[in-house]
Structure formats: C-alpha cells, structure tokens
S.K.: 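Below you'll find the structure I mean.
Keep in mind that this is a model prediction, so the values were computed, not measured. Proteins come first, then strands; the chains are lettered A, B, ... in the order of their sequence lines, and each starts at number 1.
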Amino acid sequence: MADLLDVGFIQAVFGDGEAPEGASPVLQILSVKKINSASSASSGVVDRYRAILSDGEYFGQAMLAVNLNPLIDSKEIDKFSIIKLRSYTTNAVQGRRLLILLEFDILESVYNEKIGEAVNIEHAVANGTVSRAPAGNANAAPKAEPKGRAGGAGPGPARGGARQGGGKDVGPLFPIESLSPYQNKWTIKARVSAKSEIKHWSNQRGDGKLFNVTFMDESGEIRATGFNEQCDNFYDLLEEGKVYFVSRARINIAKKQFNNVNNEYEIAFERETAIEPCDDASVPQIKYNFKRVDELADLNKDDMCDIIGVVREVHDLSSVTSKATQKPFAKRDIQIVDQSGQAVRLTLWGKQAESFAHDDSPVIAFKGVKVGDFGGRSLSMFSSATMSVNPDINEAHALRGWYDSAGRNTQFNAYTSTMAGRSDNSAPRLNELKTIGEAKDENLGMRDKTDYFTTAAVVAFIKSENFSYPACANPDGCNKKVIEDGNGTYVCDKCDKHWPEPIHRYILSMNCMDHTSSFWITAFNEVAEKLLGISANDLWKLKEGGDEQQFQSYFTKAAGRSYTFEMMAKQDSYNEQVRVRYTCRKAGIPDFVAESAYLSQQIALFNI
DNA sequence: CCCCCCCC
C-alpha cells in the first residue's frame, strides 16, 4: 500500500536532500488545519490552511497557497486525501523548513485510512536519524514551475517578452507566499490589487511621504511601501490592476496590527529595487469573497469583508474631525443594497469620499471594507480597501438585472433604520435593544472607543442639584461654560466675550432602571429639555425666583416615565478612578403598539 | 521611517 506514495520526498524537502527538479510526488494528507493567527481572527482576512503531508515514510508540515482554500472549504481535500503535487516551493523560517503547496491534482478525494506508518520528519531531524542540509540551501526557487504562466517567466532569462532584467542580479521568480526576510535574491510577478494615495507624515522622528501598494499572485498577497525617494520613483509606475516584476526590495516583518494584508511580511522598496511592467494576463485578478448584505449581521465588529451591491443612496460630502488627531477628514456615506433586501451604510473617506460621483445606482464591488456596529451594522473603507465600479463579473451582472427589474422598487430593510441613528418615527425592535445589565456585562464603554447602544428604561430619579450650567450666550451656539468675572458680567474663554447674563443649559444627572439593573446617565440640553418639558434657563429662573415647590415639581413629574434611550458609553477618569460615563444622546417615546405587534409575531413564530 | 482609518 505504501508504494502508492512517493517515499523519499518528505525527507528530501525537510531533511538532507534536494527534491528532483520538477518532481510531482504522490502524497497523502494526514490532516488539514486552519491557522488561527491572532491577526486573522480579528481582521477577517482570507483563511490560511496548514496540512500535514506524508510520503508513507515521513510526514511534515506544509502551507497551502490561499487559492487552494476552496478545495478545503468544499471538502474536496480532507484528512487522508491523496494528491499529486504539481508545484510547490520551500522556505526556511527560523531554522524550520517550510513546504508551500502551490498546485496539485487530487487523486483520491475521499480515502478512509492512513497509508503506512510515517513518522514526524522534524523528530527524525532532531534526533539525528535524518540530517539536515544547511538552511541557506533551503531558500531555493520553486522546485517546479507553477503552470499557467503564459509567457513562462521562470527563473533565469525571461521568455516571451517578460522581464528585461538588464543584466541586473534580480534572482529567480518566487511566489509571494514564499518570500521571507531570510532570502534576498528573488523576483515576484504580481498584480497591484490596491494602491494608496501618497501620504505625508510628520512626527518627532521626522517627516516624509510614502505610499502603499498590495501585490498579489497565485500564491498570496503582500503589502509594499515606498518611502520618500522610492515614493517618487515608483508611485506613477505602479498602477492598480497591472502586473509587474518586482525584485531587489527588502522584506520586513509586517506589523500586523497596522496591516490587514494577509502576509507575515511586507516589502519595503529600496534604492536598488527594480520594478518592471509585465503584460502577463495569467496573474490572477483580484479575488473577492463576497458577503451578502444580510450576512453582515453574522460578522463581528472590525472584521474585514468584501461586499458587492447597488449604490442606492449617495449622501453629501461632509467633514469630521478625528478625535485622535484633531485632523479633519472628508467623509461620504453611501447606501448599498443587494438581493437579500437588506441595506447597509458604507462610509468613504478622504479622496474616495471627495471624488465619488456615481449617482446612477452603479453596482460596486468593495474589497477589504471594515465592519462596524454603528446602527447595527455599517461598513467603512480602509485606505487599503478597493472599489470597482460596475465590474465585469457575474455577481455584478446579476445585481444589475435584479435591481433594474425588481430591486429598484423593493422596500429595503436598513440596519440603520431600526437602531441608533434611525429616523425619529421608527422605534427600535426589542431584540435590538440592550438591557442596562447587558450594557454593563458587555463592558460597554470600557474600551478606548466610545460604545453606542440603545436601551429601554424608566427614569427613576432626576437630580435637581446642579442640573444646569451657565453657558455662553453667543447665538452661534458656543454653549461653553462661562465664568462670572466679578464685574457682573460672564466671560467666555472660547469666544473671548463678556455677556451680561449667561444662558443656562442642562447637564442633567438621572438614574434610570430596567428589569435587569440601573445606572446614572447624563442628559444634555436638548434631551433634558424634552424630558423635563422646560428649558434649563426658565427652570433656573424659577429656582432663582424662590418657588421651590414648583421647581421640584418638574423633576418629580418627569420621573417614572419610560423612554428608549440612545446612549453612548465612554471611559472616563474622575478622582483617579476609571469609570464609565453614560451619556444619553436621544430619548424617544417607545412605540408600544409596534412593540406589542412585534412581540406577538415573535410568540407566533415561536409556537410554530 | 507610516501605522490614522476617523464621525454619529
């Protein structure tokens, strides 16, 4: 039985041998496992698989190029499958030999037993049964050329109008997957799947400019950066969608926290870097892994995903100021819909927001957008995200046909319409609310960022002390606190103006409760005025007038009422104690009729 | 050498 497999291959690759040129050994897969690197779990990038491969005598670890993932997802290969390797590459990382599978034929998709009694090649190397060649030799070019390279730009002099090279020492062609800092003679042939704007930076360490591109080939993807001079050299040359030979650049360890491209490493262009255009169409086009709009509900906040849909709404360009950097950012929201009947908001930033000018309901494919939880689910573009307007792909054609015939007149279910940020006349569903207990259990507001949630609660008690502050009377809405200057006027630091009288505004502190818990929340002017039914300034005057009973009546009258509160929870330190500050952004009167109808519907469904 | 991906 063991003669089914090509004994000797694993030892040759992982141990002391050299696999024969163009070897296409038959091997058995002993296991396939998804690699859950910390980064991929949260960033939602393409999965990466590792397989244990046996030749009947030894087994060793292999990585699968990501374009083979569908074979695993569809179970075409699984434990005990038998494959005939067509192309692969090897790589040494930190003293360990790594085999990367690029292409293979499936001889037996389903096979029900392990062939032979293969032992771990790493153990054999460790205990000296098998000797290992110096690691340097392992940094070899692919042992077998991946097929499908029209023009055949393999190692050595290029054929078929490929690489010029110009006598430069550029090294053999490598799959992106096999690049590592431990080798320096390599060339990749890759398509630019994304290209950033030029970014200028300035910090304590200096200033400069840079741009990023993402390269992809049949094996994987890698991010590359050109700083300063290299930014000048290569920015115009590299175009999104085109294919290039890239060589003589530095490979660095990628800082995954800043990089959503699925590679442990990244490329830094250097002075010596050679980049040449290539017209090889066989290098794969951008691959999408689309989620339907309604499937976004299944993803986590901060996941990355690809989405395709019809742009149903384009909102005006606006500007927001980043809390972190105080810098303004251009922003534009659009709404995306698809056949699921679900709509989602997608936010464009910067140049992409400014230059977006498609008001004719185009189909757009987005790659690498970030999932947010604002209003249930929302999407936001990264600078590394790409969008392709009316792409010539099946999904786009299907969407076009659907939208033009039926979709255009569909009532869409919007994530945003039923939750925080919705229009005033629609109430949130009960299942979209958080109880106060849940908000606390989930530690909302305990992270660096502000959390938003909606809760249904009863006002238990409103503090009548310190219910307001004297605010700047500037009619432009400064609203900043003013201080009495001793001459009978009130001074605003921000406006640098003196006012004979301030205008009082609310900072109302109230205790709210539901069936799970209670919390203290702060309501500012608009919300508080709605709850108390009087402006802060009038209430202040009432208090100054000395009618304590009437003054108090506003507070007691407002207690005991139910509201749907749109809340924000944010970390705050007060007297060196870290706590969560809950602020009410909006208070709505619950639609009890709609809630009852919804509940009876749920009960009916439950009883089926 | 950047590394922010923002706002409600």
S.K.: Under a 4.5 Å cut-off applied to non-hydrogen side-chain atoms, are A:Ser219 and A:Val66 in contact?
M.R.: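 No, too far: nothing below the 4.5 Å cut-off.
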S.K.: Pick base, sugar-phosphate or nothing for A:Asn228, based on heavy-atom distances below 4.0 Å to the nucleic acid.
M.R.: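 Base contact.
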S.K.: Using 30° and 60° as the class limits, which term best fits the ring planes of A:Phe269 and A:Phe215: parallel, tilted or perpendicular?
M.R.: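 Rings of A:Phe269 and A:Phe215: perpendicular, over 60°.
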S.K.: State, without any angle test, whether A:Arg345 and A:Gln335 hold a side-chain donor-acceptor pair at a distance under 3.5 Å.
M.R.: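 Checked: A:Arg345/A:Gln335 side chains show no N/O donor-acceptor pair below 3.5 Å.
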S.K.: Using distance alone, with no hydrogens and no angle criterion, decide if A:Trp186 and A:Ser247 have a side-chain donor and acceptor under 3.5 Å apart.
M.R.: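 No, no side-chain donor-acceptor pair sits under 3.5 Å.
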S.K.: Regarding A:Asn262 and A:Glu221, do their side chains bring together a donor and an acceptor under 3.5 Å, going by distance alone?
M.R.: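 Looking only at side-chain atoms, A:Glu221 and A:Asn262 do not form any donor-acceptor pair under 3.5 Å.
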S.K.: So if I define the base as every atom that isn't primed, P, OP1 or OP2, how would nucleotides 3-8 of chain B read as a B/S/- string at a heavy-atom cutoff under 4.0 Å?
M.R.: BBBBBB
